[in-house]
*Asks:* 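Before anything else, here's the structure in question.
Atoms within a ligand are numbered from 1 in the order they appear, just like the ligands themselves. Worth knowing before you read on, the calculation uses all heavy atoms, side chains too, and leaves out hydrogens, waters and symmetry mates.
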Amino acid sequence: MIDRMDAKVKLNNGVEMPYLGLGVYLLSPGKQAEAALKHALEIGYRLFDTGRFYGNEFDVGEAVRKGGVPREELFVTTKLWNSDHGYNKAISACKGSLESLGLKYIDLFLIHWPVEGLRNDSWKALEKMYEEGKFRAIGVSNYTISHLEDLLEHARIIPAVNQVEFSPFLYQRDMLEFCRQHGIQLEAYSSLTRGIKLSNKTIVSMAQKYQKTAAQIMLRWALEHRVVVIPKSAHPERLQENANIFDFSIEPPDMEILNNLNENFRVAWDPTYIR
Ligand code: NDP
């Protein structure tokens, strides 16, 4: 049972990753990001998920460098943006992220999107940065099973993580199983469906049963599947709410009910058409 906020999962290279993090997409650089990151650190968040595309790597770096928590207790993820694919461009972008963050190393560096034709060259760049010790772990995002199969054929290093959209309304059961079989940790984004499904009646009645909120039920459901979660919020009370998911568990029959909510519902982009 995952019953502490500092619970971590061991990745396939032995590096430990927190089960809970703060996603920072759409946190505006400057005051908003600074305040949210400060609150998150105070509450006990130790993982921050940014991306070159989000425009707030600098803010995350500041919080990590100046937030008063030792660097080794923090876990920073960022991502390679789509226009930075290809070996040489990816190397420059990796270095650019290290510079924007102002960090000596990044804990997890992901390929943001499986760009056709170029993604395996970009992966070689990530492997090089990993071997040079600049990244503690490397992984991918938005990869379908067929993208992963393609990568596994070409890679020297097996990705540690695949970050995908994952919620009771997009229960990617086959992906979860595939990743388990290959030692790839699944990480959920938009696991609150950006708020859209928080008033679903099954979620609401489950929340009443467990004396929790709808958001907490959605996040705990992912944790029960041993999937890392990175809900985003700019509000202190929601940051706290989203972190209060370690003092209960969802019973197997209720998990089954939640699993059955799947309707392949997405709030973000759909990678299934990318070859
Ligand atoms: P989430 O499902 O985490 O939802 C965030 C939204 O829900 C915000 O509008 C937030 O509003 C609101 N919210 C947060 N907590 C609560 C709560 N307890 N009750 C009610 N509403 C709440 O969506 P995201 O798409 O932001 O996903 C999370 C993270 O995943 C991103 O920040 C990013 O790091 C990552 N991501 C990665 C992608 C990829 O392609 N790899 C794609 C999309 C996201 P408010 O801030 O006002 O509280």
Side-chain angles (χ1 to χ4, degrees), residues 17-29 31-37 39-40 43 45 47-57 59-60 63 75-82 84 97 101 106-115 119 138-144 147 159 161-170 172 175 185-200 203-204 207 212-223 227-245 265-272 274:
M17 176 178 193
Y19 268 109
L20 172 70
L22 173 67
V24 302
Y25 179 46
L26 296 183
L27 275 182
S28 314
K31 279 205 182 94
Q32 191 188 48
E34 190 189 332
L37 286 156
H39 282 300
I43 290 167
Y45 283 80
L47 185 171
F48 301 112
D49 181 86
T50 183
R52 195 102 179 109
F53 176 67
Y54 302 171
N56 53 21
E57 283 179 321
D59 305 83
V60 170
F75 192 100
V76 178
T77 304
T78 192
K79 314 184 190 84
L80 182 80
W81 185 237
N82 300 354
D84 294 325
S97 281
L101 286 157
I106 289 164
D107 297 276
L108 175 64
F109 196 98
L110 304 177
I111 291 189
H112 208 141
W113 180 258
V115 171
R119 60 179 180 260
I138 53 177
V140 294
S141 177
N142 293 301
Y143 274 45
T144 62
H147 300 136
V161 169
N162 186 19
Q163 182 187 107
V164 298
E165 185 168 346
F166 189 82
S167 78
F169 303 92
L170 181 63
Q172 302 203 47
M175 168 65 78
Q185 175 62 37
L186 205 65
E187 181 177 21
Y189 74 66
S190 305
S191 44
L192 299 175
T193 61
R194 296 188 179 154
I196 293 169
K197 295 284 190 183
L198 292 179
S199 51
N200 171 277
I203 299 286
V204 170
K212 285 283 169 180
T213 66
Q216 289 165 340
I217 293 292
M218 303 262 274
L219 295 171
R220 185 70 212 186
W221 172 84
L223 284 189
V227 170
V228 170
V229 290
I230 46 168
K232 174 264 173 184
S233 181
H235 296 97
E237 67 286 358
R238 286 180 174 172
L239 288 169
Q240 185 66 65
E241 177 186 337
N242 297 343
N244 290 344
I245 53 174
F265 173 81
R266 288 178 192 271
V267 296
W269 40 358
D270 179 0
T272 54
I274 304 283

*Asks:* To which protein heavy atom is atom 21 (N) of ligand 1 closest, and what is the distance rounded to 0.1 Å?
*Replies:*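 Going by distance alone, atom 21 (N) of ligand 1 is nearest to Arg238 CZ, 3.4 Å.
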*Asks:* Purely on distance, is any nitrogen or oxygen of Ser190 under 3.5 Å from one on ligand 1?
*Replies:*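 Checking ligand 1 against Ser190, an N or O pair does fall under 3.5 Å apart.
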*Asks:* Any chance the rings of His147 and Trp113 have centres within less than 6.0 Å?
*Replies:*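 Ring centres of Trp113 and His147 not closer than 6.0 Å.
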*Asks:* Note the single closest protein heavy atom to atom 29 (C) of ligand 1, along with its residue, its atom name and the distance in Å.
*Replies:*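 For atom 29 (C) of ligand 1, the nearest protein heavy atom is Ile230 O, 3.3 Å.
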*Asks:* Report yes if some heavy atom in the side chain of Leu170 is under 4.5 Å from a heavy atom in the side chain of Val267; otherwise report no.
*Replies:*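 Contact flag for Leu170/Val267 side chains = no.
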*Asks:* Would Ala234 count as being in polar contact with ligand 1, using the rule that some N or O on each side must be under 3.5 angstrom apart?
*Replies:*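 Yes.
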*Asks:* Looking only at protein heavy atoms, which one is nearest to atom 48 (O) of ligand 1, and what is the separation?
*Replies:*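 Nearest neighbour among protein heavy atoms for atom 48 (O) of ligand 1, to 0.1 Å: Ser233 OG, 2.6 Å.
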*Asks:* Quick test: of every protein heavy atom, which one is nearest to atom 18 (N) of ligand 1, and how far off is it to 0.1 Å?
*Replies:*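 Result for atom 18 (N) of ligand 1: Asn242 OD1, 2.9 Å.
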*Asks:* What residue and atom, counting heavy atoms only, is the protein's closest point to atom 38 (C) of ligand 1, and at what distance?
*Replies:*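 Nearest neighbour among protein heavy atoms for atom 38 (C) of ligand 1, to 0.1 Å: Tyr189 CD2, 3.4 Å.
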*Asks:* So with a 6.0 Å cut-off around CD of Glu34, is the heavy-atom count from everything else above 12?
*Replies:*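 Open: at most 12 neighbouring heavy atoms sit under 6.0 Å from CD of Glu34.
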*Asks:* Within less than 4.0 angstrom of ligand 1, does Trp113 place any heavy atom?
*Replies:*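 The answer is no: ligand 1 sits nowhere under 4.0 Å from a heavy atom of Trp113.
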*Asks:* So, is the end of the Lys79 side chain (NZ or CZ) under 6.0 Å from the ring centre of Phe53 and within 45° of the ring's axis?
*Replies:*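 No, cation not above the ring by the 6.0 Å, 45° rule.
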*Asks:* Please check this pair: side chain of Asp107 against backbone of Val76, looking for a donor-acceptor N/O pair closer than 3.5 Å.
*Replies:*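 Yes, the answer is positive, given that a donor and an acceptor are paired below the 3.5 Å cut-off.
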*Asks:* Atoms of ligand 1 less than 4.0 Å from Asp49 heavy atoms?
*Replies:*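 Taking each heavy atom of Asp49 in turn, ligand 1 has 33 (C), 34 (O), 35 (C) under 4.0 Å.
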*Asks:* For atom 20 (C) of ligand 1, grab the closest protein heavy atom and report residue, atom and distance to one decimal in Å.
*Replies:*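 Residue, atom and distance for the closest contact: Leu198 CD1, 3.4 Å.
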*Asks:* Taking the six-membered ring for Trp, are Tyr54 and Trp81 ring centroids under 6.0 Å apart?
*Replies:*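 So the answer is no for these two rings.
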*Asks:* Are Asp49 and Lys232 within salt-bridge range, i.e. N to O under 4.0 Å?
*Replies:*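 No.
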*Asks:* Does a donor on one side chain sit under 3.5 Å from an acceptor on the other, for Thr50 and Glu57?
*Replies:*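 Distance-only check fails for Thr50 and Glu57.
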*Asks:* Verify side chain to side chain contact (heavy atoms under 4.5 Å, CB included) between Asn242 and Leu219, making sure each step is shown before the conclusion.
*Replies:* CA-CA 7 Å; Asn242 297 343; Leu219 295 171; 3.7 Å; yes
*Asks:* Nearest to atom 46 (O) of ligand 1 by heavy atom, Lys232, His235, Glu237, Arg194: which?
*Replies:*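 Considering heavy atoms of Lys232, His235, Glu237, Arg194, the nearest to atom 46 (O) of ligand 1 sits in Lys232.
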*Asks:* May I ask which of Tyr54, Phe48, Trp269 has a heavy atom nearer to atom 33 (C) of ligand 1 than the others do?
*Replies:*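 That would be Tyr54.
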*Asks:* I'd like to check which ligand 1 atoms, numbered from 1 as shown, lie under 4.0 Å from a non-hydrogen atom of His112.
*Replies:*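 Matching atoms, with element in brackets: 39 (C), 40 (O), 41 (N).
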*Asks:* At under 4.0 Å between heavy atoms, which part of Ala214 makes contact with ligand 1: side chain, backbone, both or neither?
*Replies:*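 The answer is neither; Ala214 stays 4.0 Å or more away.
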*Asks:* Name the closest protein heavy atom to atom 32 (O) of ligand 1, giving the residue it belongs to and the distance to 0.1 Å.
*Replies:*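 Going by distance alone, atom 32 (O) of ligand 1 is nearest to Tyr25 N, 3.0 Å.
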*Asks:* Just to be sure I read this right, does ligand 1 sit under 4.0 Å from the backbone of Thr50, its side chain, both, or neither, counting only heavy atoms?
*Replies:*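 Neither; no heavy atom under 4.0 Å.
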*Asks:* Which ligand 1 atoms are under 4.0 Å away from a heavy-atom of Thr193?
*Replies:*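 Counting atoms of ligand 1 from 1, those under 4.0 Å from Thr193 are 2 (O).
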*Asks:* Using side-chain heavy atoms (C-beta onward) and a distance below 4.5 Å, is His112 in contact with Asn142?
*Replies:*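 Touching, per the 4.5 Å side-chain cut-off.
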